[in-house]
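Input: a single structure, listed below in structure tokens.
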Amino acid sequence: MMPDTLCPDDDTVRPTHVVVDLAQLAANMTAVRQQVGETKVMAIVKANAYGHGLIRVATHLLAKGADYLGVALYEEGILLRQAGITAPILVMGGIVSEQIPLFLKHDLTITTSSVDKLHLIDQAAATLGVTARVHLKIDTGMERIGIHYYSADRLLEASLHCPQIMVEGIYSHFANADSADLGHARLQLQRFLDVCSFYEKRGLPMPLRHIANSAAILQLPESHLDLVRPGIMLYGYYPSADCLRSVVVKPALTWKSRVVYFKVLHSNTPVSYGSTWQTDHAVRLVTVPVGYGDGYFRILSNKAEVIIRGQRHPVVGRVCMDQLMVNLEWGTAYNGDEVILLGDSLSADALAAWAGTISYEILTHINSRVPRVYLC
Ligand SMILES: *Cc1c(COP(=O)(O)O)cnc(C)c1O
């Protein structure tokens with residue numbers, strides 16, 4: 001595997017690579033900051049920072065004013081700590097009990113939604129002689145993880161009797177904040193605020209309350225509360241077609257390759273596995289060294305387009321594991337020419353539409369075989 005590099009012209013880099021514009025990421029971060037004012041920002045960098053490269057992106061976003069990092073997995077948190085990052089890191093996913101001491105050793109903030117796990121954390125922290133930093137997770141209508149809002153008092157109450165635990169935050173997650181109809185999101189927000197009133201009623205200090213993902217940052221300002229958790233918008237995409245675009249953000253990632261083979265095909269020549277496409281007249285065709293083994297989905301076969309020399313051309317025949325074919329018709333291209341797979345006018349939303357998915361899935365599937373190059 002080639003190491004990530006800061007030098008995009010380095011010719012040892014694989015022809016198929018991703019270029020991430022760090023200045024654009026910073027601009028997106030600034031745009032979020034302006035939208036939320038005094039509210040703290042937790043930059044969500046799970047799934048390899050939505051495919052942009054975990055360590056470099058996390059480091060950069062912290063330097064550009066993120067207060068906190070959010071990841072899905074313990075393993076992602078460890079990678080950040082091993083890279084020397086000392087900022088607070090919330091692991092948002094559910095945990096298995098065996099991992100608790102490891103969380104504590106690496107000073108990772110734990111999400112918990114059960115009284116049992118709260119007690120296990122408290123005991124593990126006592127054994128290690130440390131204080132565990134915990135965020136309580138409340139389910140207000142997503143039905144993923146979190147204690148149901150109507151049973152949450154038990155968890156909040158129990159946390160008051162765990163001497164080794166510091167409840168730094170309390171949070172929930174929206175299921176429908178990206179839709180045009182915000183009814184369900186408003187209901188979730190109200191349920192969450194009702195749960196949080198537990199602290200006010202007892203005259204206790206309020207932990208950091210957070211519920212807003214990108215969609216809620218864009219559409220529901222009253223949900224910003226004490227901290228927001230932007231993911232996709234930091235990477236320059238909007239959560240859905242319906243979602244209000246109240247903040248201007250732009251994509252920072254370009255996925256490129258180069259032409260490695262050129263040929264002319266006669267009429268009636270089938271192309272690639274299964275012969276799902278064939279010429280009906282003579283055409284020029286090029287082969288590009290990228291495939292589903294890199295995360296360029298096979299379902300894009302005979303659907304997607306790429307850009308070569310400023311022109312769009314269709315991907316024809318099945319996308320293979322490591323290569324794909326592009327029909328130039330009678331357009332021009334030479335061996336070595338740049339091929340844009342994603343970037344310029346070809347957004348992750350465009351690829352997502354061809355693949356029947358969302359930009360999130362396109363971005364997070366560009367895998368580790370594709371080196372990331374950073375423009376600064
Ligand atoms: C992924 C995630 C986010 C970020 O969501 P975006 O839609 O990318 O902004 C925020 N909170 C939680 C709990 C998540 O899992």
Side-chain angles (χ1 to χ4, degrees), residues 25 28-29 31-33 35-36 39-52 54 57-58 61 66-77 88-95 108-113 134-147 149 168-179 182 184-185 188-189 192 208-221 223-247 249 251-253 348-349 352 357-365:
L25 284 181
N28 295 343
M29 177 74 206
V32 172
R33 271 242 159 277
Q35 169 88 340
V36 305
T39 296
K40 288 187 183 345
V41 178
M42 175 185 291
I44 304 302
V45 293
K46 61 189 178 186
N48 201 24
Y50 291 53
H52 293 61
L54 176 68
V57 169
L61 291 175
D67 303 289
Y68 223 114
L69 295 173
V71 292
L73 314 177
Y74 156 77
E75 288 78 0
E76 294 171 324
I89 300 169
L90 174 65
V91 177
M92 300 184 293
I95 59 166
L108 297 170
T109 306
I110 313 175
T111 293
T112 190
S113 13
V134 163
H135 286 211
L136 304 176
K137 183 76 189 279
I138 314 301
D139 195 319
T140 55
M142 173 76 179
E143 298 300 340
R144 191 165 65 177
I145 59 168
I147 189 164
Y149 63 97
E168 181 193 57
I170 178 165
Y171 75 110
S172 190
H173 190 58
F174 286 122
N176 294 297
D178 61 339
S179 98
L182 289 170
H184 188 236
Q188 283 195 265
L189 177 60
F192 180 59
L208 287 172
R209 297 163 305 162
H210 51 108
I211 188 168
N213 52 4
S214 296
I217 292 170
L218 292 161
Q219 302 210 93
L220 206 58
S223 73
H224 295 174
L225 306 179
D226 306 318
L227 179 147
V228 291
R229 304 191 306 265
I232 197 76
M233 70 185 298
L234 289 176
Y235 306 99
Y237 285 95
Y238 296 94
S240 70
D242 285 344
C243 192
L244 213 67
R245 304 193 168 195
S246 53
V247 178
V249 291
L253 181 149
D349 289 319
T357 182
I358 55 175
S359 61
Y360 296 70
E361 196 179 15
I362 297 289
L363 294 170
T364 55
H365 275 69

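Both counts, for ligands and for their atoms, begin at 1 and track the order of listing.
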Salt bridge (Lys or Arg N to Asp or Glu O under 4.0 Å) contacts touching residues 228-239 (sequence neighbours left out): none

Are any of the side-chain heavy atoms of Arg33 and Val247 separated by less than 4.5 Å? no

Using side-chain heavy atoms (C-beta onward) and a distance below 4.5 Å, is Tyr235 in contact with Asn28? no

Return the orientation label for the Tyr171 and His210 ring planes: parallel under 30°, perpendicular over 60°, tilted otherwise. parallel

Indicate whether the side chain of Tyr68 and that of Thr109 have a donor and an acceptor atom separated by less than 3.5 Å. yes

Using a 4.0 Å cut-off on heavy atoms, what residues surround ligand 1? Order them by chain and number. Ile44, Lys46, Tyr50, Met92, Arg144, His173, Asn213, Ser214, Arg229, Pro230, Gly231, Ile232, Tyr360

Heavy-atom donor-acceptor pair, Tyr237 side chain to Ala348 backbone, under 3.5 Å: yes

